[in-house]
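Every value quoted in this text rests on a predicted model; they were computed, and no experiment measured them.
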Amino acid sequence: KMPQKLIPNHRTINSKQLLRKHTFFCAFIVYKCKMMNTKNWFISVWMCLLVWAVTPLFAENYPYRSDVLWVTVPDHPDWLYQVGEQAKVEVQFYKYGIPQDGIEVAYELGEDMMPAHRSGKVVLKNGRAVIQLGTMNQPGFLDCRLTAIIDRQTYRHHVKVGFSPEKLQPYTQLPDDFDAFWEKNLAEAARCPMEYTIEPAPEYASETTECFLVKLQCFRPGSYVYGYLTRPKASGKYPVVLCPPGAGVKTIKEPGRHIYYAEEGCIRMEMEIHGLNPKMTGKEFKEISAAFGDYLTFGIDDRENYYMKKVYMACVRAIDYLTSLPDWDGKNVIVQGGSQGGALALVTAGLDKRVTACVANHPALSDMAGYKAGRAGGYPHFFKRYQDMDTPAKIRTMAYYDVVNFARRIKVPVYMTWGYNDNTCPPTTSYIVYNVLTCPKEALITPINEHWTSEATEYGHLKWIQRHLR
């Protein structure tokens, strides 16, 4: 029986959503039965067939629409090892669902986000081969990068395994005047008049909810952000949830995709950070983004003028707005986001004592100077993808804006999720953030994930929030 808590609302599930849910449940069934015994493995196959049999005709048995499938299976089921422990991984490669025999697979081994230090080749027998990964002599992640060439077509894949990652600690240090710096900025932002406009956005509402587009003045007069506010239609008192965005200069992504928050009794605001009206066209956003440049580098020489100061203060001002609503329950303030949004959720939880819980997926902006320790640093990877970042002034500014230093301040419950195969916000930096948290904390680790979360995982965030309401 499918757990009902994993299904947000039958009205909001489209064909792709349902397809992914069926895939998720089939994988779960096979995994659990395989863990029990061989006989149940055959039972699991029949259960999967039954699940797919009741799927409507739009479903596909292989939704990724690729001719090939890589499968990588580390010899530890959690993909984790102790420092000094030897690791290996079985590599499987299929084309059209058929195991490929005699195919040569080249591999490179390197630490997380770092250059390769060893390479080699294996030949698949019945579609399988084993690669000895070796070990690491310090906490971190080892990345096995795979390449196969078939019919002049190159196919790539990778898998990361961890070595004592619970012992990872940040390179980034806490500045002596960190608290004083941000208290000054909070006081300045608080002096900015709370001005906003609000207009209905019924295209993103549902039968039991309503949606509005809010334009909110933040930080300084004339500086604005936009957000879509969804709330229950029924009168009552509700918790508020702020959702900051992922990185980029773009519109607010699918404002109705998390309508189940409002349907299940939350006021939720999905915001942008650049003051750009999300009703603009995709072409307009593309043109503005090209002209805008890389905002994560703007003013990074000076902590007072760094672009992200306005962004961090905008998140706090959004909390000011949400807690002014007459239907706020007066108790619960939650911040939730992924990637840059996960970073901003943790930053806001560290800055604002009104926040009562925080959910963050694979946070960006985390131990950004970590590359100076000879290992992965956090997105946007200043020391890997940019020039002239290794200066005392820039490193000093990074410390005032790094997620790890806000994480040290958080006192309320935090729920984090991340994957190991992520090359955008690597597992090294997610572990570092989690390790410095001294508050009540929980983690959902999904090793196979790259820079994404499933809809089931995202709905699970709401369930976690509901369990932590005051």
Side-chain angles (χ1 to χ4, degrees), residues 111-115 139-141 143 165 168-178 181-182 185 244-248 273 293-313 315 337-351 358 360-410 414 416 418-419 422-437 451:
E111 295 184 16
D112 196 8
M113 304 300 296
M114 304 302 285
F141 279 81
D143 191 5
L168 282 164
Q169 291 297 313
Y171 172 86
T172 302
Q173 299 299 305
L174 181 69
D176 291 339
D177 62 343
F178 182 86
F181 173 72
W182 285 109
N185 288 310
I273 58 173
D294 193 342
Y295 62 89
L296 288 168
T297 66
F298 294 172
I300 198 170
D301 287 299
D302 181 359
R303 65 176 187 170
E304 298 292 348
N305 296 318
Y306 187 38
Y307 185 85
M308 295 303 286
K309 180 162 77 170
K310 167 211 164 184
V311 174
Y312 289 9
M313 293 300 96
C315 291
S339 193
Q340 178 188 262
L344 295 177
L346 289 159
V347 166
T348 308
L351 283 174
C358 174
N361 311 336
H362 41 246
L365 311 176
S366 300
D367 204 31
M368 292 180 281
Y371 285 99
K372 290 185 65 63
R375 55 165 172 72
Y379 181 89
H381 306 288
F382 285 131
F383 296 87
K384 184 178 178 71
R385 300 175 181 171
Y386 296 79
Q387 300 294 322
D388 303 320
M389 284 292 166
D390 193 359
T391 70
K394 291 174 182 176
I395 294 172
R396 180 172 184 264
T397 298
M398 289 178 203
Y400 286 95
Y401 290 85
D402 200 293
V403 168
V404 297
N405 285 333
F406 294 92
R408 300 179 205 267
R409 297 166 52 100
I410 298 175
V414 172
M416 283 184 58
W418 67 91
D422 195 335
N423 278 343
T424 302
C425 297
T428 296
T429 58
S430 288
Y431 261 104
I432 284 172
V433 172
Y434 192 77
N435 291 347
V436 302
L437 291 169
H451 198 61

task: For Ser339 and His451, test the side chains for any donor-to-acceptor distance below 3.5 angstrom and give the result as yes or no.
output: yes
Taken in chain and number order and not counting sequence neighbours, the residues that satisfy side-chain hydrogen bond (donor to acceptor under 3.5 Å, both in side chains) with Arg303 are Asp177, Tyr400
Lys/Arg N to Asp/Glu carboxylate O, Asp302 vs Lys394, below 4.0 Å: no
Check the orientation of Tyr431 and Trp418. Use parallel for under 30°, tilted for 30 to 60°, and perpendicular for over 60°.
perpendicular
#### Entry: Verdict with reasoning, Arg375 to Asp112, per salt bridge (Lys or Arg N to Asp or Glu O under 4.0 Å)
CA-CA 7 Å; Arg375 55 165 172 72; Asp112 196 8; over 6 Å; no
Which of Phe181, Tyr307, Phe406 passes ring-ring contact (aromatic ring centres under 6.0 Å, His included) with Tyr312? It is Phe406
What are the two closest heavy atoms between [X] and [Y], and how far apart are they?
X      : Y      : result
Thr429 : Gly378 : CG2-N, 3.5 Å
His381 : Pro426 : CE1-CD, 3.8 Å
Ser430 : Met416 : O-CE, 3.6 Å

The ring pair (Phe, Tyr, Trp, His ring centres under 6.0 Å) partners of Tyr379 (sequence neighbours excluded) come to none
* Does the side chain of Gln340 come within less than 4.5 Å of Pro245's, by heavy atoms? -> yes
How about Tyr371 and Phe382: are their ring centres within less than 6.0 Å of each other?
no
CD (Gln173) and CG (Asp402) are apart, to the nearest 0.5 Å, by 10.5 Å
